[in-house]
> 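Supplied in structure tokens, the structure appears directly below.
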Amino acid sequence: ENESFGKLLFLNDDLQIAESDAYLYNEAMVAPLRKKKGIHDILILGGGDGGVAMEALTLKPKHITMVDIDEMVVKVAKDFFPNFHKNVFANKKVTNTIEDAYAFLDNDHQYDAIIYDLTMHPEEFMNIDRETFLSEIFGKIKKNVRKKGIVSLQCSSEFDTETLQIVYALLKRHFTNVQFSKILIPSYCVRWVFASGEKKFLDDKGLSGHIIICGYGRVGSWVGKALTDYKIPFAVIEYNQEVVGELKEKGIPVVYGDPG
């Protein structure tokens with residue numbers, strides 16, 4: 001326990017979370033989900049202290065699944081850090097599973113949102129190349145997110161540029177509308193980077209035989225209206241994130257990217 005930060009939870013000598021500012025971390029992990037409608041089933045990979053799950057309950061989902069390989073983290077959180085989670089483990093909407101998240105994703109579940117609260121440095125705990133592991137688990141996450149679903153994750157310190165470059169490349173490969181944010185976590189003594197992305201709508205295998213509109217400006221939108229009037233299916237590639245958001249709200253298939 002620390003005079004400034006209250007109770008501190010360490011794992012392998014690394015600070016995981018502090019009682020005084022845990023809410024900042026938890027809110028940053030859940031914030032991207034607040035922008036989406038229809039978030040009913042949430043999967044949290046890691047997060048054994050229960051804080052992220054507690055924050056996710058404010059979205060009023062139907063169910064939250066927590067998957068953490070470390071049973072001791074869960075036990076310590078239950079016994080010594082009740083203020084972290086407010087007894088979220090006893091909530092009927094929450095299922096706590098002690099299992100390897102990597103293996104869990106092999107079972108092809110489907111969620112509206114997946115929160116990645118795992119390490120970005122798996123090579124410190126297992127004999128595996130970091131980029132290989134992250135590429136594989138990001139691919140698995142993508143398969144387990146429903147159409148129009150979202151993924152939210154913690155990345156690293158803002159100074160860990162190598163990790164941030166890896167995460168950026170992987171998110172761009174598997175998701176669209178990728179966004180990053182930096183939040184000062186006082187107990188970390190640094191700004192922490194969080195990220196989010198949405199499942200690419202055009203990844204749906206049922207989407208075929210569509211006309212592709214490259215850009216949805218004055219001419220593109222006119223073409224889209226004409227195709228809609230004649231009930232001809234189409235999809236859009238658009239670089240303007242505001243336009244992408246508007247098209248998604250209207251249910252028009254769209255991929256964020258440079259059509260050039």
Side-chain angles (χ1 to χ4, degrees), residues 11 16 25-26 28-30 32-33 36 38-53 55-57 59 61-74 77 88-89 93-156 163-164 166-179 194-206:
L11 182 61
Q16 302 299 301
Y25 183 96
N26 299 333
M29 292 290 271
V30 175
L33 280 62
K36 295 282 290 183
I39 301 295
H40 302 300
D41 295 302
I42 301 172
L43 171 64
I44 301 173
L45 302 174
D49 59 73
V52 174
E55 186 66 32
L57 280 173
L59 301 176
K62 293 180 179 178
H63 192 258
I64 297 174
T65 301
M66 296 171 53
V67 179
D68 198 305
I69 196 173
D70 198 331
E71 187 173 10
M72 183 57 68
V73 170
V74 177
V88 71
F89 301 100
K93 288 186 175 182
V94 178
T95 299
N96 181 38
T97 301
I98 304 300
E99 187 176 343
D100 179 7
Y102 185 88
F104 179 86
L105 293 172
D106 285 333
N107 297 324
D108 193 23
H109 309 272
Q110 290 294 296
Y111 297 94
D112 300 306
I114 296 181
I115 299 176
Y116 182 100
D117 196 14
L118 302 172
T119 180
M120 287 294 178
H121 288 276
E123 76 282 0
E124 296 179 356
F125 307 98
M126 59 185 75
N127 185 25
I128 188 171
D129 176 73
R130 177 162 75 137
E131 288 193 48
T132 299
F133 174 86
L134 292 176
S135 179
E136 290 178 354
I137 198 166
F138 274 46
K140 291 184 177 186
I141 289 172
K142 176 182 175 181
K143 291 180 180 178
N144 282 269
V145 177
R146 289 192 178 109
K147 183 173 62 178
K148 297 185 180 181
I150 188 170
V151 58
S152 174
L153 57 152
Q154 68 83 24
C155 299
S156 67
T163 294
L164 294 177
I166 293 173
V167 173
Y168 177 81
L170 289 174
L171 284 176
K172 281 291 188 179
R173 181 189 308 171
H174 295 293
F175 301 94
T176 187
N177 196 23
V178 174
Q179 298 184 21
F194 299 85
S196 64
E198 299 177 13
K199 187 165 184 177
K200 293 181 178 180
F201 189 89
L202 293 184
D203 282 344
D204 187 349
K205 295 180 180 179

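Given the structure is predicted, the values throughout are model-derived calculations rather than measurements. Sequential numbering from 1 along the given sequence is applied to the chain's residues.
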> Go through the structure and list residues passing side chain to side chain donor-acceptor pair (under 3.5 Å) with Glu131, not counting sequence neighbours.
none
> Could you note down all residue pairs passing salt bridge (charged side-chain N to carboxylate O under 4.0 Å, His left out) where residues 93-105 supplies at least one of them, sequence neighbours left out?
none
> side-chain contact (heavy atoms from CB on, under 4.5 Å), that's the test. Do Leu153 and Ile115 meet it? Break it down for me.
CA-CA 6 Å; Leu153 57 152; Ile115 299 176; over 6 Å; no
> The criterion is side chain to side chain donor-acceptor pair (under 3.5 Å); which residues satisfy it with Glu71, sequence neighbours excluded?
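Checked Glu71 against side chain to side chain donor-acceptor pair (under 3.5 Å); zero matches.
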> First locate atom CG of Leu59, then atom CD1 of Ile39, and finally report the distance between them rounded to the nearest 0.5 Å.
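The CD1 atom of Ile39 is 7.5 Å from CG of Leu59, to the nearest 0.5 Å.
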> Which heavy atom of Ile42 sits nearest a heavy atom of Tyr111, and at what distance?
C-CD2, 3.9 Å
> At what distance, to the nearest 0.5 angstrom, does CZ of Arg173 lie from CZ of Phe138?
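That separation rounds to 10.0 Å.
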> If every non-hydrogen atom of Phe89 is compared with every non-hydrogen atom of Gly48, which pair is closest and at what distance?
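Phe89 and Gly48 have their closest heavy atoms at CZ-O, 3.4 Å.
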> Of all the heavy-atom pairs spanning Asn144 and Lys140, show the shortest one and how long it is.
ND2-O, 2.7 Å
> Quick one: closest heavy-atom pair of Lys199 and Lys142, and the distance?
NZ-O, 3.2 Å
> With sequence neighbours excluded, give me every salt bridge (charged side-chain N to carboxylate O under 4.0 Å, His left out) pair touching residues 109-123.
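Counting only pairs at least two positions apart or across chains, the salt bridge (charged side-chain N to carboxylate O under 4.0 Å, His left out) contacts touching residues 109-123 are Asp112-Arg146.
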> Where do Ala53 and Ile64 come nearest, in terms of heavy atoms and distance?
O-CD1, 3.8 Å
> Would you mind checking if Asp41 and Lys62 are paired as a salt bridge, meaning a charged N to carboxylate O distance below 4.0 Å?
no
> With sequence neighbours excluded, what pairs up with Asp129 under the side chain to side chain donor-acceptor pair (under 3.5 Å) test?
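Testing Asp129 for side chain to side chain donor-acceptor pair (under 3.5 Å), a comparison that skips the adjacent residues, returns Thr132.
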> Heavy atoms only: give me the nearest Ser156-Leu164 pair and the separation to one decimal.
OG-CD2, 3.4 Å
> So, using side chain to side chain donor-acceptor pair (under 3.5 Å) as the criterion, who are the partners of Asn177 when residues are at least two apart?
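For Asn177, the residues satisfying side chain to side chain donor-acceptor pair (under 3.5 Å) (neighbours in sequence not counted) are Gln179, Glu198.
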